[in-house]
Amino acid sequence: MFEYIYDIRYCDYKDFDTVKTSTLLDAIQEVAIRNSEKNGYGVENLRQMNRAWLLQGINVCIKKPASTHSELQVHTAIKSLKGVLSERGTIIKQNDEVVAKSIANWCLLDTEKMRLARIPKEMTEAYEHCDFQDEFFTYIRPEVLADAPEKYKIRVSNKELDTNKHLNNQKGAELLMDALPFEFELRNIKIHYPNPAYLGEELSVCVKEIENGYYVHLMKQDGTVCVVGTFEK
């Protein structure tokens, strides 16, 4: 598996001893980019091919809170590359003890035609594969709960955009988690990205308490849902 060392920064601190959950999502996104760069398919290479990876959704299982006192060892590999879809597994460790595991579904996007593109054979062969013999590594997509009430509104800002000029996956997840109580100790995260959001768009943050946690989604003013998430203890 590919390994990336994530150094804990002060901005990652939730308190003096534990890091924010968003830090784990940041590390998961970063290791995917670093792994692709190593295999010759970094952001710039993909741009020249008129291609980009588009995150469809991610599940994260947090085994224990990450500490502020030592680096994170982030390991990743591909579970499968088939058609337009890539399944990527990630394991985060700290002092060789598992902190979190994730499975993410990525699709290859044709940035000229703005539609999904088949993953070429040479790309499939460039990545290390792993079976991930763990029952958690089956992606489950959270369903939209249309009856979730609006809690407040936000507007997509410059700092939340990615290279595709729409709401970054990691930032979208952070916006969902901003709606959770600060002391909520979540253990299971399921996020789905059905539609993009763009600079300046006003989004309703809709929140509903569910069994063992919370449901949150971001919705445009026309009713289009952009990001959906469930967060459980």
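FYI, the numbering just counts along the sequence from 1.
For the pair D12 and R9, the salt-bridge criterion is met [side-chain N within less than 4.0 Å of a carboxylate O]. The pair K79-D131 fails the salt-bridge criterion, with no side-chain N (NZ, NE, NH1 or NH2) lying under 4.0 Å from an Asp/Glu carboxylate O.
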Please report the C-alpha distance between K63 and V99 in whole Å, then the side-chain angles of each, then the deciding distance to 0.1 Å, and finally whether the side-chain contact (heavy atoms from CB on, under 4.5 Å) criterion is met. CA-CA 5 Å; K63 301 294 187 180; V99 170; 5.9 Å; no
Test F231 against F184 for ring-ring contact (aromatic ring centres under 6.0 Å, His included), laying out the working first. CA-CA 9 Å; F231 305 89; F184 181 66; 8.0 Å; no
I would like to know whether R88 and I103 meet side-chain contact (heavy atoms from CB on, under 4.5 Å); could you show each step before the answer? CA-CA 6 Å; R88 176 181 288 279; I103 188 74; 6.0 Å; no
Please evaluate residues N95 and S70 with respect to the criterion side-chain hydrogen bond (donor to acceptor under 3.5 Å, both in side chains), reporting the C-alpha separation (whole Å), side-chain torsions for both, the decisive distance (0.1 Å), and the verdict. CA-CA 8 Å; N95 299 318; S70 57; 3.3 Å; yes
Pair K190, E232 - check side-chain contact (heavy atoms from CB on, under 4.5 Å), show working. CA-CA 9 Å; K190 299 181 181 70; E232 299 173 339; 4.0 Å; yes
Apply side-chain contact (heavy atoms from CB on, under 4.5 Å) to C226 and H166, showing your working. CA-CA 11 Å; C226 306; H166 57 60; over 6 Å; no
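Screening residues 131-165 for ring-ring contact (aromatic ring centres under 6.0 Å, His included), with sequence neighbours left out, gives F132-F137.
Within the 4.5 Å cutoff, no side-chain heavy atoms of V216 are placed close to those of D178. Proximity of L25 to M177: side-chain heavy atoms (C-beta onward) are separated by under 4.5 Å at one or more points. By the 4.5 Å heavy-atom criterion applied to side chains, Q56 and L85 are counted as neighbours. Residues T124 and H129 are in side-chain contact: their nearest non-hydrogen atoms beyond the backbone lie under 4.5 Å apart. Within the 4.5 Å cutoff, the side chain of L109 has heavy atoms near those of the M114 side chain. Considering only heavy atoms from C-beta on, V205 stays 4.5 Å or farther from L175 through its side chain. Inter-residue side-chain proximity for L218 and L167 is flagged as met; some heavy-atom pair is nearer than 4.5 Å. Using a 4.5 Å heavy-atom cutoff, the side chains of I58 and N169 are not in contact.
Nearest heavy atoms, E150 versus S204: OE1-OG, 2.7 Å. Annotation for R118 and L108: closest pair O-CD2, 3.9 Å, computed over non-hydrogen atoms. Across K208 and P149, no two heavy atoms sit closer than the pair CB-CD, 4.4 Å. Annotation for I140 and N59: closest pair N-OD1, 2.8 Å, computed over non-hydrogen atoms. Residues L24 and I92 approach most closely at O-CD1, 3.8 Å, considering heavy atoms. Residues L176 and V227 come closest through the heavy atom pair CD1-CG1, 3.5 Å.
Of the possible donor and acceptor atoms, one in the side chain of R155 sits under 3.5 Å from a partner among the backbone N and O of G200. Here the side chain of N212 pairs a donor or acceptor atom with the backbone of K233 at under 3.5 angstrom. Judged purely by atom type and a 3.5 angstrom limit, E128 uses its side chain to pair as donor or acceptor with the backbone of M1. With hydrogens and angles disregarded, a donor-acceptor distance shorter than 3.5 Å links the side chain of Q94 to the backbone of S67. No donor-acceptor pair closer than 3.5 Å links the side chain of D7 to the backbone N or O of E71. Remark: the backbone N or O of Y41 is not paired with any side-chain donor or acceptor of N39 at under 3.5 angstrom. Judged purely by atom type and a 3.5 angstrom limit, K101 has no side-chain atom pairing as donor or acceptor with the backbone of G89. Side-chain atoms of Q221 do not come within 3.5 Å of backbone N or O of E201 as any donor-acceptor pair. Not one N or O on the side chain of Q73 forms a donor-acceptor pair closer than 3.5 Å with the backbone of E3. T68 places a side-chain N or O within 3.5 Å of a backbone atom of F16 that can act as its donor or acceptor partner.
Residues T76 and N35 have side chains that never bring a donor and an acceptor to within less than 3.5 angstrom of each other. Counting only N and O atoms by type, the side chains of K159 and S157 include a donor and acceptor under 3.5 Å apart. Side-chain N/O atoms of D26 and T23 include no donor and acceptor closer than 3.5 Å.
Using a 30° and 60° split on the angle between ring planes, Y13 and Y10 fall in the tilted class, from 30° to 60°. Relative ring orientation between W53 and Y127 is described as perpendicular, the plane-to-plane angle rising above 60° on a 0-90° scale split at 30° and 60°.
E112 CD: 12 or fewer foreign heavy atoms inside a 6.0 Å radius. For K151, the NZ atom counts as densely surrounded, since its 6.0 Å shell holds more than 12 non-hydrogen atoms of other residues, nucleotides or ligands. With a 6.0 Å radius and a threshold of 12 heavy atoms from other residues, nucleotides or ligands, K171 has its NZ atom at or below the threshold.
Close placement of the Y215 and H217 rings is indicated, their centers lying within 6.0 Å of each other.
Put simply, L72 and V19 are part of the same group of oily side chains (I, L, V, M, F, W, Y) that touch within less than 4.5 Å, one to the next.
A cation-pi contact, defined as under 6.0 Å to the ring centre and within 45° of the axis, links K14 to F182.
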